[in-house]
Amino acid sequence: MVGDGHRRAGTPLRAAQDEAGVPPGVWKGRGLAALGLAAGDVVTERQAELLLGEGRHPDADRIERELLAQGKSPAQATRATVLGRPIEHNRSPKTDKAKERTPWLALDLVFRAPSTAHIAWALGGDETRLVLESCQDVARDKTLAWLEESVAQIRWGSGGKHRWPVKDGLIVAVFRHYESRAAESKPLLHDHAVVSIRARRPDGTWGNLSADTVLAHIVAADCLYTLLFMEEVSARLGWAWVPREVTPGRRPVMEIAGVDQRLIGWQSTRRQQIEDALSVLTDKYEERQGHPPGEKAGYALACQAADQTRPPKRTELLSLTELRERWRVSAIRAFGACTVYRLAERARAAAAAVWARVRPVVDVVLAAVDTVAVVYVMRGAFKRHHLLAEARRHLSYALRGRPHESGLDEQIVQTVVDDHTRPVGRGRMMTADLRALYPRDTEDQAVLRPLTRSRMAAPYERARLAADALAARVRAARRADRLGSRPRPYTVAVPVASRSRPRPFRDGRKDGRLPEPETGIDTVEQTRQTLEAAAAQVAATLQDGRRAREAAHGLCPQPAPAAFPPPHTQQPDTQHTPGRTTEGVT
């Protein structure tokens with residue numbers, strides 16, 4: 001609540017926040033109405049202590065006074081302010097060891113913009129700083145709204161077996177921080193959204209959120225936040241985004257085009273500390289196990305490296321104005337004044353180059369193929385929220401900050417589920433099913449199986465190879481359809497700026513599979529034969545007309561020109577090429 005600094009004993013919360021240079025926390029979420037709060041109200045220390053620390057009503061003190069005045073006992077008055085089940089602290093009479101149930105009363109969701117956005121926010125002018133903070137607010141609030149409308153569930157019953165959407169919404173306390181925890185303070189604009197675990201059931205009683213449901217959709221929420229933040233920045237500042245490869249073979253991240261890449265290293269000193277420690281832990285792992293760590297082991301080692309290098313919180317408290325001045329002086333000393341003061345100008349120039357080559361359209365079929373290939377190679381079996389996260393990543397890469405139509409990510413996921421997946425195992429798990437693209441192959445996964453078994457390349461690198469292979473298959477089928485003049489039963493190039501919601505075109509088949517495409521070579525050969533026959537008929541007609549005119553005027557007959565070879569014939573000593581005749585007619 002006071003940033004990353006320490007709060008002196010006896011210092012009021014608001015004074016400590018002013019000292020630390022961080023704004024006070026504010027309440028967010030539609031569930032505030034049930035507690036008598038409103039969105040945008042300041043989070044007081046007592047409210048946070050009651051709701052997020054004890055699971056009670058944030059105005060429990062007033063409620064208790066009113067109930068005691070009505071003649072209720074202190075225990076009854078306290079129990080009336082508890083939202084749901086009270087926190088239990090049990091001591092076993094059979095043992096000397098105390099047994100306490102550690103309550104889980106809130107989830108801390110951190111909304112952090114890309115690295116180049118922190119740099120532009122820290123080194124840019126006041127107008128740029130305010131615009132980026134506004135973009136952060138919009139992207140964060142929309143992501144929280146998606147979580148409470150589409151994800152959040154209330155649980156009750158033994159083991160939480162009953163799940164139902166929350167009645168009102170979420171109760172969230174948002175705290176904004178300006179810097180990282182590195183030993184040398186660096187800019188890091190991020191928000192801590194502390195989501196209360198307490199929520200109302202459909203019958204009006206209070207219970208607990210299904211935390212596993214929220215945590216399962218964390219990656220999808222993160223991808224949505226990044227996509228929305230990119231769109232807000234591009235719409236308000238005119239900047240574009242480009243992918244940046246942080247680690248070779250790993251998934252790239254989106255950064256603002258035109259921002260000097262050296263500033264990223266200056267800003268992310270904490271990351272460099274983690275990478276240095278991670279290299280040592282990885283060497284020890286390979287020496288102990290005899291092989292490099294996989295994806296799960298690599299993630300565990302990265303968490304261990306982060307814990308080992310975590311510095312203590314700063315004791316020096318600086319205001320945002322002082323921090324920005326310190327950051328600007330540090331960047332100018334390291335890279336020069338031109339790099340700092342021309343940052344926005346270079347970003348606008350780079351955006352013009354990006355918009356010149358990026359079309360603001362999305363091909364739903366190719367997006368679905370890309371999504372299923374990446375998720376299948378990375379996971380094998382997956383659920384719908386895995387597809388949703390990858391579909392939002394695809395929109396970020398494809399649009400580079402251009403706005404997408406509402407519901408387009410869900411449409412891509414539904415196309416994947418309908419056309420390229422089949423159920424497997426339990427718990428709504430799915431896997432890839434490519435028979436729509438390879439109708440004649442008995443082993444429909446043959447194109448992807450070598451990539452999933454290979455350990456020579458990184459998982460994401462193999463996923464990109466698989467996605468490119470399936471995209472080439474779709475384009476080949478489309479070329480065959482165009483040459484055969486057949487209608488295409490799939491969605492193509494959906495403009496994201498259109499007002500109407502794009503709907504996939506169905507061909508009437510119940511299984512939703514694409515019809516089997518014709519072979520491209522056969523179609524080309526048929527077209528060649530048709531053209532040759534038409535050319536021979538035209539030549540014969542012209543020759544008969546010329547002879548008739550010569551006879552009518554009494555002219556001497558001229559030797560007839562060599563006729564075109566008839567269809568399906570080939571002159572001796574010539575090499576036939578599909579799509580061309582021996583006389584040059586294409």
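FYI, the numbering just counts along the sequence from 1.
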Side-chain donor/acceptor of Asp141 to backbone N/O of Val138, under 3.5 Å
no

Checking Trp164 against Gln153 for the side chain to side chain contact (heavy atoms under 4.5 Å, CB included) test, could you report, in this order, the C-alpha distance in whole Å, the side-chain angles of both residues, the deciding distance, and whether it holds?
CA-CA 5 Å; Trp164 200 260; Gln153 292 181 335; over 6 Å; no

Taking all atoms of both residues into account, what is the closest heavy-atom pair of Ala305 and Ala277, and its distance?
CB-CB, 4.0 Å

Can you confirm whether Pro187 sits close enough to Arg324 that some side-chain heavy atom of one is under 4.5 Å from a side-chain heavy atom of the other?
no

Sidechain N-carboxylate O distance under 4.0 Å for Asp212, Arg163:
yes

So is Arg402 actually on top of Trp239's ring, under 6.0 Å and inside 45° of the axis?
no

Pair Ile154, Asn208 - check side chain to side chain contact (heavy atoms under 4.5 Å, CB included), show working.
CA-CA 6 Å; Ile154 196 75; Asn208 288 346; 5.5 Å; no

Testing the 3.5 Å rule here: is there a donor-acceptor pair between the side chains of Gln414 and Arg384?
yes

Between the main-chain N or O of Leu170 and the side-chain N or O of Glu148, is there a donor-acceptor pair closer than 3.5 Å?
yes

Mind checking the OG1-CD1 spacing from Thr116 to Ile256? Nearest 0.5 Å is all I need.
4.0 Å

Are the side chains of Leu67 and Gln70 in touch, meaning some heavy atoms are under 4.5 Å apart?
yes

Side-chain donor-acceptor contact under 3.5 Å, Ser134 with Arg236
yes

To the nearest 0.5 Å, tell me how far Arg200 CZ sits from Ile171 CD1.
9.0 Å

Glu245 bridged to Arg250 by N-O distance under 4.0 Å:
no

Give the minimum heavy-atom separation between Ala368 and Thr415, together with the two atoms involved.
CB-CG2, 3.8 Å

Considering all heavy atoms, the nearest Ala367-Ile412 contact
CB-CD1, 3.7 Å

Do the side-chain N and O atoms of Gln304 and Tyr299 include a donor-acceptor pair separated by under 3.5 angstrom?
no

If you define the side chain from C-beta out and look only at heavy atoms, does anything of Lys28 sit under 4.5 Å from Arg140?
yes

Are the side chains of Pro459 and Val377 in touch, meaning some heavy atoms are under 4.5 Å apart?
no

Between the side chains of Glu390 and Arg393, is the shortest nitrogen-to-carboxylate-oxygen separation below 4.0 Å, so that they form an ion pair?
yes

Side-chain donor/acceptor of His404 to backbone N/O of Leu395, under 3.5 Å
no

Is it true that a side-chain atom of Glu410 and a backbone atom of Gly407 form a donor plus acceptor pair closer than 3.5 Å?
no

So Asp370 and Arg464, side chain to side chain contact (heavy atoms under 4.5 Å, CB included) or not? Walk me through it.
CA-CA 8 Å; Asp370 183 274; Arg464 293 311 317 161; 2.8 Å; yes

Charged N to carboxylate O below 4.0 Å: is that the case for Arg176 and Asp191?
yes

Nearest-0.5 Å distance, CD1 of residue Ile218 to CG of residue Leu107
7.5 Å

For Thr81 and Ala60, indicate whether the former's side chain and the latter's backbone hold a donor-acceptor pair under 3.5 Å.
no

Any side-chain heavy atom of Arg244 sitting closer than 4.5 Å to one from Met254?
no

Quick check: closest heavy atoms across Arg400 and Ser234, and the distance to 0.1 Å?
O-OG, 4.0 Å

State whether a side-chain donor-acceptor pair under 3.5 Å links Trp27 with Gln47.
yes

Rounding to 0.5 Å, atoms OG1 (Thr371) and CG (Asp409) come to a distance of 10.0 Å

In Å, rounded to the nearest 0.5 Å, how long is the span from CD of Glu66 to CZ of Arg62?
4.5 Å

Using atom types as modelled and distance alone, determine if a side-chain donor or acceptor of His217 lies under 3.5 Å from a backbone N or O of Val214.
no

Please confirm whether the backbone N or O of Ala113 pairs with a side-chain atom of Tyr225, one donor and one acceptor, at under 3.5 Å?
yes

Looking at every heavy atom in both Tyr285 and Pro293, which two are closest together, and how far apart are they?
CE2-CA, 3.4 Å

With a 4.5 Å heavy-atom cut-off, do Trp121 and Thr128 have their side chains touching?
no

Name the residue from Val43, Val2, Val22 that meets the side chain to side chain contact (heavy atoms under 4.5 Å, CB included) definition with Phe175.
Val43

Trp241 vs Tyr397, test: ring pair (Phe, Tyr, Trp, His ring centres under 6.0 Å). Steps then yes/no.
CA-CA 8 Å; Trp241 299 77; Tyr397 300 154; over 10 Å; no

Does one side chain, of His192 or Asp108, offer a donor that lies under 3.5 Å from an acceptor on the other?
yes

More than 12 heavy atoms of other residues, nucleotides or ligands under 6.0 Å from NZ of Lys72: is that the case?
no

If only atom types and distance count, is the side chain of His190 paired as donor or acceptor with the main-chain N or O of Leu188 below 3.5 Å?
yes

Looking at CG of Leu35 and CG of Leu50, how far apart are the two atoms once the value is rounded to the nearest 0.5 Å?
11.0 Å

Leu237 vs Leu132 side-chain heavy atoms within contact, under 4.5 Å:
yes

Any ion pair linking Arg56 and Glu64 (charged N to carboxylate O, less than 4.0 Å)?
yes

If only atom types and distance count, is the side chain of Arg8 paired as donor or acceptor with the main-chain N or O of Ala16 below 3.5 Å?
no

Are the side chains of Cys223 and Val219 in touch, meaning some heavy atoms are under 4.5 Å apart?
yes

Short side-chain to backbone donor-acceptor contact, His57 and Val82, under 3.5 Å
no

For Arg288, is the CZ atom crowded, meaning more than 12 foreign heavy atoms sit under 6.0 Å from it?
yes

Verify side chain to side chain contact (heavy atoms under 4.5 Å, CB included) between Val194 and Val172, making sure each step is shown before the conclusion.
CA-CA 5 Å; Val194 184; Val172 188; 5.8 Å; no

Mind listing the closest non-hydrogen atom pair of His177 and Gly3 along with its distance?
NE2-CA, 3.4 Å

